[in-house]
> 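Just dropping this structure here.
Heavy-atom basis, side chains included; hydrogens, waters and symmetry copies ignored. Quick caveat: nothing in here was measured; it's all calculated off a predicted structure.
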Amino acid sequence: WVVEKGVDSIDRFYMKQFPQEYEEKKEFIVFPEGGEKRATDILEIGPGRGDLLLSMAEKYPEKELVAIEIGHKRFTKLVANITKRKLDNVVVIYGNARIAMPKFYLKESFNMIYVLFPDPWPKGRQAHKRLLSREFLTFIADFLKDDGDLFMATDVHWYADWVVENCQSIDTLYAQGNPFVEGSSLFGYEATFFEQKWRGMGRDIYYMHYKKVSQ
């Protein structure tokens with residue numbers, strides 16, 4: 001079956017069945033080169049256009065920010081904008097966060113981690129692609145320092161409920177909301193371009209804030 005479908009289908013097949021092995025073979029690009037070795041404060045997974053990332057980098061020049069972006073075009077645009085704004089406190093890694101985080105950072109490296117508006121993958125057959133699974137949340141919690149903050153947001157209610165349910169099963173994460181919080185309570189938060197667009201369409205936004213607690 002795999003051979004008959006061709007190279008593209010082979011890639012898709014292995015990405016779905018063996019994502020760890022598939023992603024580990026991909027090349028990582030780090031900007032600036034060697035930047036991943038610096039002290040770290042804030043991590044954003046999937047910064048997209050980089051609205052929040054760039055805003056925080058300008059607002060808090062004393063903090064070191066890291067972004068991990070899986071999309072190559074988005075990575076390239078982020079690098080261009082960082083260079084244009086002459087920001088020297090941002091590191092961007094092109095690659096999969098599941099592989100990049102343990103490759104470049106020790107556990108308990110970050111004070112804050114942001115995951116904003118990930119694709120909810122609503123169809124049942126796409127469920128395995130949803131980012132904020134219990135397994136992934138447990139994984140990223142390991143990279144938070146004790147008393148560190150995990151901030152998340154989505155415009156999809158059922159997805160927000162699903163994330164909250166996943167977090168409730170993780171002993172090291174303690175909810176700061178009941179279960180949601182106001183966007184203004186997220187450190188350094190400013191609404192992104194797409195968030196403003198979605199609010200203009202009448203969509204609600206669900207913000208989540210969890211603290212890492214020591215065991």
Side-chain angles (χ1 to χ4, degrees), residues 7-119 121 128-133 135-137 139-145 148 150-153 188 190 192-194:
V7 174
D8 288 344
S9 291
I10 291 173
D11 285 351
R12 288 195 297 271
F13 175 81
Y14 280 108
M15 192 184 316
K16 183 175 181 179
Q17 300 299 324
F18 310 104
Q20 184 81 14
E21 292 84 346
Y22 182 91
E23 293 294 338
E24 283 178 346
K25 295 177 182 178
K26 293 184 177 180
E27 178 186 4
F28 287 95
I29 306 174
V30 180
F31 175 87
E33 186 176 351
E36 76 281 359
K37 298 176 183 178
R38 299 186 333 206
T40 55
D41 293 304
I42 300 172
L43 167 66
E44 184 175 8
I45 298 172
R49 284 169 38 114
D51 295 345
L52 178 63
L53 177 75
L54 299 173
S55 171
M56 287 197 298
E58 291 180 332
K59 192 184 300 183
Y60 306 105
E62 75 282 3
K63 294 190 178 297
E64 297 287 347
L65 290 87
V66 177
I68 303 177
E69 175 55 59
I70 200 169
H72 189 264
K73 288 185 179 179
R74 290 192 291 270
F75 168 82
T76 302
K77 289 182 179 179
L78 281 171
V79 169
N81 283 327
I82 291 167
T83 303
K84 180 179 180 180
R85 300 189 189 197
K86 299 181 180 179
L87 299 171
D88 60 2
N89 60 334
V90 186
V91 173
V92 187
I93 300 173
Y94 165 58
N96 189 307
R98 290 179 176 86
I99 312 301
M101 290 170 70
K103 179 178 177 65
F104 296 117
Y105 298 101
L106 299 174
K107 291 184 177 181
E108 300 184 0
S109 287
F110 300 97
N111 292 314
M112 303 175 196
I113 296 178
Y114 291 77
V115 188
L116 306 176
F117 305 103
D119 192 328
W121 295 103
H128 67 280
K129 296 182 179 181
R130 293 172 193 157
L131 183 62
L132 295 174
S133 65
E135 291 75 16
F136 186 70
L137 288 164
F139 168 77
I140 60 176
D142 285 343
F143 287 86
L144 273 175
K145 297 175 183 177
L150 172 60
F151 300 116
M152 298 172 287
E190 292 185 9
T192 65
F193 169 83
F194 286 109

> If you define the side chain from C-beta out and look only at heavy atoms, does anything of Arg38 sit under 4.5 Å from Pro32?
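With C-beta onward as the side chain, the pair touches.
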
> Using a 6.0 Å cut-off, check whether atom NZ of Lys59 has over 12 heavy atoms from anything other than its own residue.
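Yes, the 6.0 Å shell around NZ holds more than 12 heavy atoms from other groups.
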
> Within the 4.5 Å heavy-atom criterion, are Pro47 and Leu52 side-chain neighbours or not?
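No, every pair of side-chain atoms sits at 4.5 Å or beyond.
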
> Any salt bridge (Lys or Arg N to Asp or Glu O under 4.0 Å) pairs touching residues 75-96, not counting sequence neighbours?
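Listed by first then second residue: Glu58-Arg85.
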
> Can you measure from CD1 (Ile82) to CG (Leu53) and round to the nearest 0.5 angstrom?
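If I round to the nearest 0.5 Å, the distance is 6.0 Å.
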
> CD of Glu64 to CD1 of Ile42: how many Å apart, nearest 0.5 Å?
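Interatomic distance, Glu64 CD to Ile42 CD1, rounded to 0.5 Å: 10.0 Å.
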
> Measure from NZ or CZ of Arg49 to the centre of the six-membered ring of Phe193 and say whether it is under 6.0 Å with the direction within 45° of the ring axis.
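Yes.
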
> Judged by atom type as modelled, is there a donor-acceptor pair below 3.5 Å linking the side chain of Ser55 to the main-chain atoms of Asp51?
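No, because the side chain of Ser55 does not come within donor-acceptor range (under 3.5 Å) of the backbone of Asp51.
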
> Checking Glu44 side chain against Val115 main chain: does a donor-acceptor pair fall under 3.5 Å?
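No; zero donor-acceptor contacts below 3.5 Å.
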
> Mind listing the side-chain donor-acceptor pairs of residues 100-110 below 3.5 Å, one per line with the distance, residues two or more places apart or on another chain?
unit_1, atom_1, unit_2, atom_2, d
Ser109, OG, Leu106, N, 3.3
Ser109, OG, Leu106, O, 2.4

> Please report the interatomic distance CE(Met152) to CZ(Phe117), rounded to the nearest 0.5 Å.
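One finds 12.5 Å between CE of Met152 and CZ of Phe117.
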
> Name the orientation class of the two ring planes belonging to Tyr94 and Phe75 (parallel below 30°, tilted from 30 to 60°, perpendicular beyond 60°).
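Tilted.
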
> Would you give the length of the straight line joining atom CG of Leu116 to atom OG1 of Thr192, rounded to the nearest 0.5 angstrom?
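Between atom CG of Leu116 and atom OG1 of Thr192 there are 7.5 Å.
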
